[in-house]
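Residues: numbered from 1 along the sequence shown. All ligand and atom numbering here is 1-based and tracks the order in the structure.
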Amino acid sequence: MKRHAKIDGPQTDRRLDGMAQGVLGQPLDRPDGPLKVTGRATYAAEVRLDRMVHGVLVRAPRVGTLNGFDTERVRGMAGVLAVLTEGLPRNSAQGAIAKSPPGNEGKAQYVGQPVALVVAETLEQATHAAWTLEVGIMPSIPVINPHAAPTEFPEKKQRDLGDLEAAMAEAAATLDETYHTPTLSSAPMEPHASIAEWDGERLTLHGAYQMLKFNRKQLAEALGIDPSAVRVLAPYVGGGFGSKLGISAEAVGAALAARMLGRPVSVVMHRRQVFEMTTRRSQTQQRIRLAADVDGHLLGIGHDALVSNLPGETFSEPVQQGTDFNYAAPNRKVVHEVARLNLIACGSVRAPGEAVGVTMFEVAMDEMAHRLNLDPVEFRLRNIPDHDPLDGKPFSSNMLAQALTEGAQRFGWRHQPPRSRREGEWWIGTGMSAAVRVNMLTESEARVTLTPEGRAKVETDMTDIGTGTYAILTQIAAEMLGLPVAQVETVLGDTDLPPASGSGGSFGAASSGSSVYLACLEIRSQIAARLGIAEEDLTLKDGHAIHANRTIPLSQILDAPITTEGHVEPGDSGKIARNATYGAHFAEVAVNDVTGETRVRRMLGTYACGRVLNVKTATSQCHGGLIWGIGMALTEELIHDPRDGHAVNRDLAEFHIPVNRDVPDLEVYLLPERDDWANPIQSKGIGELSICGAGASVINAIHAACGVRIRDLPATPDKVLAGLMQIES
Ligand code: MOS
C-alpha cells in the first residue's frame, strides 16, 4: 500500500509531538558512525572488483579547438588498454536537471576541462600515460574578465518594484557600495570517484553522488541508453556541497571504458581535478543600495549582481534570492547579469545564492546601521517584513526577530563604536549578521517494512553525504512505529530502491523524512484497522501496541511483515506562503594591528528550521556552516590566472579552508518551531542556513574591532593592513 501526499496547504497534524517512543529530535549517534570511524564504510574509490582496471582523466591545458591527440605513443606504453577522446561531458551536470552536460564538441572551453581518459591495468600506469598524452589544441583567446565578456540578463531574476532611484534621492540616509566575492570551491573531502561495471546491457556504477535518481538519468542520457539499464550505488558519500549534485566526467568515462573493455573500470579524480573539473561557485560583484528614513526604516533596497558561467550553461549563482524577502522596503530593484567566461563551470555550492548574497547584504546592513548610528541588531529588527515584500503573500513562519533577540542575549551582545577595545597588539570587536535561506520540498519516495518480531527496515535511494540521513530516517521510523532505534535499519544510496529527493538545497531531510513518515503512517493505519480502532488512538512503544489499558506485542497483531510506501510531493503550499528559514550569527574577532591578521575568538548562531529531527546532526550542520563562514570571510579564494584562467591554487594546501586551529568555540542554538506549510513533519532545511551570512558577522566584527571595512572577500591580512595604514596615517 502506498500513502501519497501532495502538499497544498498547512499540515497541522501534531502527532509527532505526542508519540510514545520519544526518539525523534534526540541527539542519536549516527548508526553509520562506527562503520566510518573504523574504515568499514566503503566509499566509491575503495570499491575493488575482479579484473578492475584504472582510468585517469586528461585535462585541457589551454582554451581552444581540439586538434588531435598523440594517442599512438600512449597506446604503446606499459599496461595501457585504451585512450578515450570522445564522449566525455564538458563539465559536471546540475543536480535536478536530468540532462547530461554538453560534450566536448571539438573544443576546450576552459583550462582543466576533461578531454580524454587513459585506461591501464594499474593506477600508476594510467597516471603515467595520462600525463604523457599530448593534447593538440589550436589556442584561442580565452575570455577571463567578466567586465570584458558577453553578458546576459535572465528575465526571471530581475526585479523592479516602486522607484528605487527616487527613494535614494529623497532618503535621510543612503548607502551605495560595491562588494566582491571570489570563486569558491566545494572542496569535499572525498574526491569524485566512479567504478563502472557492465553485466550485458546493464550498467552498475559505484559513485559519489548526491541525487541518485537524477544521476541515473543523466548517466543514461550521456551513454544513449535507457535509465532502467543503469543502477547507481552511493551508500556513503564524503561530502558534496553541490559538487556531486550532477554526474561529471569520471562517471561517463568509467562507464564508456568499461563497456569498451568488458572489464570494470575505476576512475578517481585527483585532488586537483576535483577543483578543476567539478563546479565552482561563481565570483560575484554586488552593488548594494539602501535608502532609509531617520528612524532607520528602509525605503529602498537595490541589489545588482554580476556573476559568471561557461557559455551555454543555464545555472547562474542566485545571489539575490534572499534579497527578495529579507527586509521590508516599498522600493526594490534587482539586476542580475551573467558574464560568459572561459572558466571552470559554475554550479550550486552549499547555499547557492544566499551564501554570498546574504553575506554581502549583511555587510551592507552593518554599514548602514553605522551611518544611522543604530545598533545593528535593532536596525534589523526595525525592518523585518510582516509579509513577503515582493508580492504580499504571508510568511509560513518568520523567526528572524526571535533569532536576533535570543542570539544577542546569549552572546552578550553590546554595541560599541569601532576601536573601543585593545589587548596589546590586538584590536577586539564583535559583529553580527542575519541568516535567511529559502526552504524547499522535493518529491520523495520511501519503502518501510515492519516485521511481527518488531523490526523495521527503511529503504530509499536517498543519500547521506555526511549530513546524518541514516540517523534521522531511522529516528522517524522508530518514533512512528514505536521501536527502539536499534530495531530499525535504514538502507540508502541504491537506485533500485524507491526514488528520493536526493541531498541538495537543504531539502533532503524534510523531503525524504516526509516520505518515511507517510509510509509509517500507512503501517500504523493497518495496525489500527486490525485492532478495530482509529489510527489516532493507537499508541506504539517498544514493539507493542497500547490501547485501552491493553498492551499487545506486535507479534500478536501481525502474522507477516507489512510493507508500505510513502510518497510526498510539493503542491501549492510553497506558492501560497513564503517558506524560508532564519537565524542570526554573532562573532568576536581579534585583529592584529601590526600584521593585519584576523583571529575569530568565538562564534554563536541561533537558527530556526522547523522541527529538529536530531539535535546533534542538526547542530553539526550549523557548525559546518559557521566554519564555511570563517573560510569565506578570511581565507577561501580560488584564484584564476588572468592570462589563461587556470585555477592556480587548485589543492587543499593552497585553497585555504579553515583548519582546527582557525575555528574557535562555536555555540549553536536551535529555536523551537513547527512550520505547518513546509511538509507533514513540519521540519525545514538546516544544511545551508548557517553559511548564509555567517561570514558577514566576521567581516562586521573586523570593522568593529579596528575600523577597517572590507568589501572584497576574503579579508586577508594584506587588505586589512592596507585599511589600518589608511586609518592610522
Ligand atoms: Mo547543495 S549546493 O544543493 O548540495
Side-chain angles (χ1 to χ4, degrees), residues 91-98 181 183-190 192 207-215 218 234 236-248 274-275 278-282 284 307 309 313-319 321-322 344-359 435-444 462-469 492-493 500-512 570 579-581 609 617 620-622 624-625 627-629 631-632 636 638 657 684-694:
N91 52 267
S92 306
Q94 285 290 320
I97 300 168
T181 64
T183 282
L184 298 168
S185 176
S186 293
M189 194 180 288
E190 180 203 22
H192 297 60
Y209 284 105
Q210 296 177 224
M211 309 186 75
L212 299 195
K213 75 177 167 198
F214 300 106
N215 305 137
Q218 292 157 350
Y236 305 106
V237 180
F241 311 114
S243 71
K244 294 170 183 166
L245 285 170
I247 59 150
S248 35
V274 173
F275 277 88
T278 71
T279 43
R280 69 187 174 101
R281 191 198 302 283
S282 173
T284 72
V307 301
N309 208 344
E313 287 297 306
T314 50
F315 177 86
S316 69
E317 182 77 24
V319 173
Q321 200 161 246
I344 303 164
C346 290
S348 292
V349 177
R350 197 174 188 176
E354 289 96 322
V356 281
V358 171
T359 296
V436 300
R437 169 74 178 155
V438 292
N439 183 66
M440 295 168 271
L441 175 70
T442 303
E443 185 173 15
S444 208
M462 183 60 190
T463 47
D464 186 328
I465 60 171
T467 39
T469 314
L492 304 177
S501 60
S503 300
S506 294
F507 50 64
S511 301
S512 66
N579 204 290
T581 51
C609 60
T617 56
S620 289
Q621 288 295 304
C622 298
I627 295 166
W628 277 64
M632 195 191 295
E636 290 179 40
L638 191 67
I657 61 171
K684 295 190 283 193
I686 190 66
E688 299 173 318
L689 174 63
S690 62
I691 187 183
C692 302

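- Residues Ser506 and Lys684 have side chains not in contact (no heavy-atom distance under 4.5 Å, counting atoms from C-beta outward).
- Closer than 4.0 angstrom to ligand 1 lie heavy atoms from Gln210, Phe241, Gly242, Leu245, Ser348, Val349, Arg350, Pro352, Gly504, Gly505, Glu688.
- Within the 3.5 Å criterion, the main-chain N or O of Gly242 finds a donor-acceptor partner in the side chain of Gln210.
- Using modelled atom types, one finds no donor on one side chain facing an acceptor on the other under 3.5 Å when comparing Thr278 with Ser248.
- Distance check, rounded to the nearest 0.5 Å: CD1 of Ile686 to CD of Gln621 gives 8.0 Å.
- Across all non-hydrogen atoms, the minimal contact from Glu443 to Lys213 is O-NZ, 3.3 Å.
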Thr284 vs Thr181, side chain to side chain donor-acceptor pair (under 3.5 Å): CA-CA, chis, key distance, verdict: CA-CA 5 Å; Thr284 72; Thr181 64; 2.5 Å; yes
